[in-house]
Amino acid sequence: MKIRSQIEQCVNYLIVSPMVILFFSCKAEVVKLPPPNIVWLVSEDNSMHYLKMFNKNGVKTPNIESLANQGLVYTHAFSNAAVCSAARSTIISGAYGPRLGAHYHRKVEKVTMPLGAKMFPAYLKEAGYYTSNNSKEDYNIIKTNDVWDDSSKKASWRNREDGQPFFHVYNSGITHEGAVHFNQKTFENKKTKTSLESFKVQPNHPNTKLFKYTNALYRDKMIKMDTRMGEVIHQLKEDGLYSSTFIFYYGDHGGVLPGSKGYLYETGLHVPMVVHVPEKYKHLVNNKLGEKVEGFVSFVDLAPTVLNLAGIEIPKEFDGKPFLGENVTAEEINKRNETFSYADRFDEKYDMVRAVRKGKYKYIRNYQPFNYDGLMNAYRYKQLAYKEWAALFKEGKLNAVQSQFFKSKKVEMLFDVEKDPFETNNLAENKDFQQVVLELRNNLNNRLLKMPDLSFYPEHFLIKNAFKNPVKFGQEHQEAISRYIKIANLSLSNFNDVKQKIEEALNSNDAWERYWAVIVCSSFGEEANEFTLKIKEIAKNDAEAINKVRALEYLGLFNKENTLGKIAQVLYKSDNVGEALLILNTMVLLTDNDFGYSENYNFQLLSKKVTNNQDVKNRIKYLANKY
């Protein structure tokens, strides 16, 4: 009997004769597949709330929906940051932004990657992939030449060598925030294709014609974006690559309606994500195709996922975990139920916030709760809906839920985002939820300590002292950061129980212990007035300029003093962009808090190095126009 030398599957043969029985065992010849192609389709500034496949209040996106026919829909996909550069820096590095100092938007200076680590496409290039990016980068990290073969508006997989596997990113700006920066004339004369009655305005927004129009216009942009994504999908099919290419679609963070982009609410973080799984590589996916994946995935997981699909070892410096590829089970993915997020500076607006979501509960920690959400930001307030929202608040025409955006926040917030998807009912002080608060508070603190989170130093100090090797700096200063976190967390306790510790920190020889002690006083507000004399001493004599400003900030907010002139004097002496921005944030905060404070400024006294920065210019222009 003739035995086949090559067979597709293992078959056992028995040959029987009167004299002998022969047993032949023929094992399958394993045909090694080439690495899969991987394409990312990325839309800017849209949370999952705008796509009907994720939310009934959204619109149909048939091209994106088609990816799910042989693919997976991730119902709990999250950006770790709510703004472009911070989100993309997390993606490209595979690391949490506060560990690298890569989470300030827009960067004053770029940071370096951790020693020994590279931006993840560099590992693909080393393995023989063609890497192309069309075309947004927007990283807060120094990029080296080994990342992309081509990063431009002409970048395409079609430029690779024949048969070469590829990783390609296509970025669509159709849904970017700028798409809703229309003027009054457009609002009055240009109709939308989406009916103004086809959706509900979210409960924390005023239900006005302008907000309805902005909602409808943005949904029009979603439909247009879907059409563009369909064209890229068609190109892959046209090139005969659809059956060999993983296609990821996701939004690069939330937005763009007021209170979403730039904020750690679900509308700023919870993004749509769909992954098409090619037939010949479905063995790399343990989930049943066509199903919804309920497990949590975050942007920090994208880099390790791509490397895992490509069969490349994941660097130990990465913080995320793969959710596709070898050794990833559906059971383990579906058990993932946590995501971590962060916000600090958005353009010229500062507000240090951290959040953890576990299951249906979302815990938000406001480290500077006096920096209310609606604080002036030049780019944000180009949107007419933002302007109307602020005007209605000043006129007293908003209800309590709609008004909260313009008021100081609680130090801790807890939301049941399944019952309360727009995070309007803070459960943190409800006695029935204290165990949940404690669990998520400890969860967050453990994360910050483990990284450690560099933001417990002011940004300008990090730029000067840490940015050459931020991870090493964090490791060397982990003990100090731990102390600062403990001082910051004094604001979580009853004032009388911790006032002795606050006093010790106010008198510390460590400048950043004093820094956080003053911020804690501002978090307690008038309760901390017994420290007024000490705070005045810091305002006058502290060796750190920013500590003087933090003290003057407290006196302006809670001691009814117009300290703007004194703050301006500190500003004029600064030649550091990051420091100047932080000082200007306080000046705008005091100006807009309806205390009636005013000041005649002489911004010509500022150094050119400071005034050349666009965010500084925006603050100066705003303050100059107020008086």
Side-chain angles (χ1 to χ4, degrees), residues 30-42 67 70-74 76-80 87-96 113-114 116-133 146-148 157 164-169 241 243-250 271 273-289 291 293-340:
V30 179
V31 178
K32 185 175 176 62
L33 289 170
N37 305 312
I38 302 166
V39 168
W40 284 0
L41 306 178
V42 185
L67 296 175
Q70 183 171 314
L72 302 168
V73 177
Y74 289 85
H76 293 94
F78 301 91
S79 175
N80 299 105
R88 290 171 188 270
S89 296
T90 300
I91 292 171
I92 202 71
S93 67
Y96 289 124
M113 283 287 292
K118 302 177 182 180
M119 292 182 172
F120 82 89
Y123 297 105
L124 293 166
K125 279 188 71 175
E126 285 180 358
Y129 270 76
Y130 182 81
T131 60
S132 53
N133 177 51
D146 58 355
V147 180
W148 301 110
W157 63 80
Q164 185 179 11
F166 63 89
F167 171 65
H168 178 70
V169 179
L241 296 168
S243 63
S244 60
T245 303
F246 281 90
I247 305 173
F248 291 63
Y249 161 74
Y250 64 88
V271 299
M273 183 178 287
V274 184
V275 179
H276 160 76
V277 179
E279 177 68 27
K280 65 173 67 175
Y281 292 99
K282 63 182 182 181
H283 63 281
L284 293 176
V285 177
N286 199 250
N287 301 78
K288 182 180 177 182
L289 300 188
E291 73 176 7
V293 181
E294 300 292 335
F296 285 30
V297 300
S298 299
F299 280 5
V300 76
D301 302 320
L302 281 171
T305 296
V306 168
L307 296 187
N308 203 44
L309 285 173
I312 298 169
E313 184 178 355
I314 299 167
K316 66 181 185 302
E317 292 86 1
F318 283 10
D319 291 328
K321 298 186 295 184
F323 54 85
L324 291 170
E326 296 285 354
N327 302 316
V328 178
T329 67
E331 182 182 16
E332 189 273 327
I333 290 295
N334 285 323
K335 287 182 179 178
R336 298 185 189 181
N337 67 343
E338 293 185 25
T339 183
F340 166 63

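All values derive from a computational prediction rather than experimental measurement.
Within the 4.5 Å cutoff, the side chain of Val271 has no heavy atoms near those of the Phe78 side chain. With a 4.5 Å cut-off on side-chain heavy atoms, Met119 and Thr131 do not count as touching. Proximity of Pro121 to Val306: side-chain heavy atoms (C-beta onward) are nowhere separated by under 4.5 Å. Side-chain atoms of His276 and Leu41, non-hydrogen and from C-beta on, never get closer than 4.5 Å to each other. Between Leu33 and His283 there is a side-chain heavy-atom pair separated by less than 4.5 Å. Leu72 has its side chain within reach of Tyr74: a pair of non-hydrogen atoms, C-beta onward, lies under 4.5 Å apart. The shortest side-chain heavy-atom distance between Thr305 and Phe246 does not fall under the 4.5 Å cut-off.
Screening residues 117-128 for side-chain hydrogen bond (donor to acceptor under 3.5 Å, both in side chains) gives Lys118-Glu126 as the qualifying pairs, with residues at least two apart or on separate chains.
Here CD1 of Ile92 is found 7.5 Å from CG of Asn133. Values are rounded to the nearest 0.5 Å. Of the inter-residue distances, the one linking Ser93 atom OG with Phe318 atom CZ reads 7.5 Å to the nearest 0.5 angstrom. Here the NZ-OG1 distance, from Lys335 to Thr329, works out to 8.0 Å after rounding to the nearest 0.5 Å. Here Leu324 contributes atom CG and Ile333 contributes atom CD1; the two are 7.0 Å apart, rounded to the nearest 0.5 Å. Taking CG from Asn287 and CG from Asn334, the interatomic distance works out to 6.0 Å, rounded to the nearest 0.5 Å. Remark: Phe296 CZ to Glu338 CD distance equals 8.5 Å, nearest 0.5 Å.
Considering all non-hydrogen atoms of both residues, Ser243 and Lys280 come closest at O-CG, 3.4 Å. Shown here for Lys282 and Leu289, the closest heavy-atom pair between the two residues is CB-CD1, 4.2 Å. Pro36 and Tyr129 get closest at one heavy-atom pair: O-OH, 2.6 Å. Of all the heavy atoms in Leu124 and Ala310, the pair that sits closest is CD2-CB, 3.8 Å. Nearest heavy-atom pair across Arg88 and Val42 is NH2-CG1, 4.2 Å. Residues Ser298 and Thr339 approach most closely at OG-OG1, 2.9 Å, considering heavy atoms.
No donor-acceptor pair under 3.5 Å is formed between the side chain of Asp301 and the backbone N or O of Gly320.
A side-chain contact (heavy atoms from CB on, under 4.5 Å) with Val39 is found for exactly one of Tyr249, Phe167, Phe166, namely Phe166. If you run side-chain contact (heavy atoms from CB on, under 4.5 Å) between Trp157 and each of Ile38, Asn37, Leu241, only Leu241 comes through.
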Q: Kindly determine whether Val169 and Trp148 satisfy side chain to side chain contact (heavy atoms under 4.5 Å, CB included), including the steps that lead there.
A: CA-CA 10 Å; Val169 179; Trp148 301 110; 3.9 Å; yes

Q | Intermediate values then yes/no, side chain to side chain contact (heavy atoms under 4.5 Å, CB included), Asn308 and Phe323 | A | CA-CA 9 Å; Asn308 203 44; Phe323 54 85; over 6 Å; no

(Q) Evaluate Glu326 against Leu284 for side chain to side chain contact (heavy atoms under 4.5 Å, CB included), listing each step before the verdict. (A) CA-CA 6 Å; Glu326 296 285 354; Leu284 293 176; 3.6 Å; yes

(Q) Apply side chain to side chain contact (heavy atoms under 4.5 Å, CB included) to residues Ile91 and Tyr250 and explain how you reach the verdict. (A) CA-CA 12 Å; Ile91 292 171; Tyr250 64 88; 3.8 Å; yes

